[in-house]
Number of protein chains: 2
Amino acid sequence: MEERKKQVLNAIIKDYIANAEPVGSRAVAKKYDLGVSPATIRNEMSDLTEDGYIEQPHTSAGRIPSAKGYRFYVDNLMERPPLRPEERQQVRQAMSGDLTELDDFMRNCCAMISRLTNYASIAAIPERGHGSVENIQLIPLNERQALVIILASTGIIRHKVIDLPGPISPAQLSAVERAMVKALRGAEMRSVSYELLDELLRKYQMQEAMAAQALDLLEQTLRPESSTRIFTGGATHMLSQPEFQDLEKLKSIFSLLEADNKLKELLEKVDPGKRTLTITIGGEMPVEGVKDCSMVVANYFVNGEKAGSIGVLGPTRMRYGRTVSLMETIAGELSRAMDEK
Amino acid sequence: MEERKKQVLNAIIKDYIANAEPVGSRAVAKKYDLGVSPATIRNEMSDLTEDGYIEQPHTSAGRIPSAKGYRFYVDNLMERPPLRPEERQQVRQAMSGDLTELDDFMRNCCAMISRLTNYASIAAIPERGHGSVENIQLIPLNERQALVIILASTGIIRHKVIDLPGPISPAQLSAVERAMVKALRGAEMRSVSYELLDELLRKYQMQEAMAAQALDLLEQTLRPESSTRIFTGGATHMLSQPEFQDLEKLKSIFSLLEADNKLKELLEKVDPGKRTLTITIGGEMPVEGVKDCSMVVANYFVNGEKAGSIGVLGPTRMRYGRTVSLMETIAGELSRAMDEK
DNA sequence: GTTAGCACTCGCTTGCTTCAAGTGCTAACA
DNA sequence: TGTTAGCACTTGAAGCAAGCGAGTGCTAAC
């Protein structure tokens, strides 16, 4: 694409992101000093429309960016302004929270993101946690129930009340506990599975009955149905976006944000995978009802392994550059906070 | 109030709750068979308007109930239809969830309420829990941190990672644990405080240094800042209420529902106290921004002591009777579920 | 005390006009 | 050949008047 076309596209997108109103040739010529007249801009805009980068809501209106236009902008034109000191400060503060109360920590993190971006935020953490197993404790509650506590190397604690397969004395339970610790200390949290434990326990030649009990315990604790925990924040901000004055659109956005399983699916589908960050724009969104939205999702890592993802959901008219800068910083800080311990 | 006036008021409120549109004299005469003509109804309506039970949006419209009208309705006219079997079934199912995972249980409970009412739901549980202390465990994580686990008689488990006042060996910690259990087993959860523990520990003549440590532990665990936990659900339903098509109203409702501390305050102020249930209507609402809303809040009890509250937030044009029936049932079932253990 | 009748009020809808923004085309210009 | 000025044209939004209809309040008769 010729340089001037890029400049025109850039001007249109910047202006539209700022004002949420169709941009005319006159406005481009006036505000963004390209050294040419509105008529020339009009010609460029006509070309850009033909190529699908911008659209006309109706004949007598200016142009608005299309999904393709945003995509080009994000890939080629966008600047990534560094965070301002006070913003960096807010990120730091959220990160200084107590990691052992992970739920509160993540909720707080979402609140911080929404405060800084004015968009909705979504975070996912794997239920099993990450890092490696540091300790396992089995605490008898009564004859038929016990509390399993797994301490991860990240400092995060998982706990779950489980039903015992049969009456087990505290002494027996403690023997099971010792065997489990021996077998699993140092293992990767995410790799701790029914199968792994089966293998390990056989290796350590636990007696058959006890092994079966331990397996059952662990399976209950790590049951896959609760494989991801979802947090959201700042949905209210959506009400203030001029493109979401339409109640129907709001309904579909809010019902998505209230449905954890749909959010799970969404986050999985837009996951950046090995990369740190991914941007999904409008029609690229993999679920219905939020085709007018964009997402910026970042992964964070513990020991080089993906530990979770966190993102923002906003209108396609999103301040991409700023949001990307923020999410990159946050993901980096999150990785650091969890690695450190 | 004369019988016929009551009938007219009842008819107007019922109709307005059902259709969300001003009710005219003709409609009342036609749909609700009072055996008199529209003209007579008009006279009654004129009186009711004068007395402030109903209002006219403008001259040529019908009447809508005022807050005073709703209040009279709720106190004198309202019927409380029993739950339908399938509704009762849904309540039962939500109550059959795992109480030890109290957060999930309450979230699920809120979801059920919102599904049945189509209003937003709010629940508060005291962080300290209720019932009495059944067991306390201190688990060393490292030299400077330990995990405190408190098992309540309700079957609910509280846990918290605390920073130790100084390096304590596992043996020492276990001595502290034994002393704490001895001192506190059977005590009321809500009464477990710094002061009580101080007294108890002295009685049991723990050595000074260890007592100080134990006190510090417990104080951290029961720190008052986290005194109530709030859950919400079904905010999306508000978007479908015809009276909340106005974005500004929605904003104030949603921002309230996102602010846990404001919800805490709200629930405290509308608390039924000793009674099971309270209804707060429109202008009676104690916080700004939800003066167009009503709330039905119910308490549930463990051993005759208030254990928490749960309620719905909807438009003043709420189906009060139905909602009251539902909330009474739920509060009853909640009390039962927590008492049983 | 109740009712029929009727004039009156007032918001909502419809259709019309006007306005302003912005385009696309053409012809002139450098 | 690329750029620009000029201008006719399109179209949604805003403003306005007329007509409609739901509903009222009053009066007089029952």
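Residue numbers begin at 1 in each chain, while the letters A, B, ... track the order of the sequences. This structure is a prediction, so every number in the text was calculated from the model and none was measured.
For the pair A:E21 and A:R317, the salt-bridge criterion is not met [side-chain N within less than 4.0 Å of a carboxylate O].
Residues B:N10 and B:Y32 bring no donor and acceptor atom of their side chains to less than 3.5 Å of each other. In the model, B:E55 has no side-chain atom that pairs as donor or acceptor with a side-chain atom of B:S66 under 3.5 Å. B:S114 and B:S121 share a side-chain donor-acceptor pair at under 3.5 Å. Neither side chain, B:D47 nor B:N43, offers a donor N or O lying under 3.5 Å from an acceptor on the other.
What separates CD of A:E21 from C1' of D:dG12 is a distance of 13 Å, to the nearest Å. In this structure, CD of A:E2 is placed 11 Å from P of D:dG2, rounded to the nearest angstrom. We find that CG of B:L34 is positioned 14 Å from C1' of C:dT2, with the value rounded to whole Å. Rounded to whole Å, atom C1' of D:dG23 lies 13 Å from atom CD1 of B:I12. Distance CG (B:D47) to P (C:dT2): 11 Å, rounded to an integer number of Å. Distance A:K5 NZ to D:dT3 P: 10 Å, rounded to the nearest Å. The separation between B:K31 atom NZ and D:dA22 atom P is 13 Å, rounded to whole Å.
Both cation-pi conditions hold for B:K68 and B:Y53: the charged atom is under 6.0 angstrom from the six-membered ring centre and inside a 45 degree cone around its axis.
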Every protein N/O within reach of nucleotides 14-19 of chain D N/O, cut-off under 3.5 Å:
none

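Judged by distance alone, with hydrogens and angles left aside, the side-chain atoms of B:N299 form a donor-acceptor pair with the main-chain N or O of B:G273 at under 3.5 Å.
Minimum heavy-atom separation, A:I122 to A:C110: C-SG, 4.4 Å.
Paired with B:R322 under the rule side-chain contact (heavy atoms from CB on, under 4.5 Å), one option of B:E87, B:M78, B:M327, B:R80 passes, and it is B:E87.
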For this session: Encode nucleotides 12-30 of chain C as B, S and - characters from 5' to 3', where the letter depends on protein heavy atoms closer than 4.0 Å: B to the base, S only to sugar-phosphate, - to neither.
Result: ---------BSBB------
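Base pairing of D:dT3: its partner is C:dA28, meeting the Watson-Crick or G-U wobble criterion (both donor-acceptor distances under 3.5 Å). Across all strands shown, C:dG1 is found opposite D:dC30 as a Watson-Crick or G-U wobble partner, with both distances under 3.5 Å.
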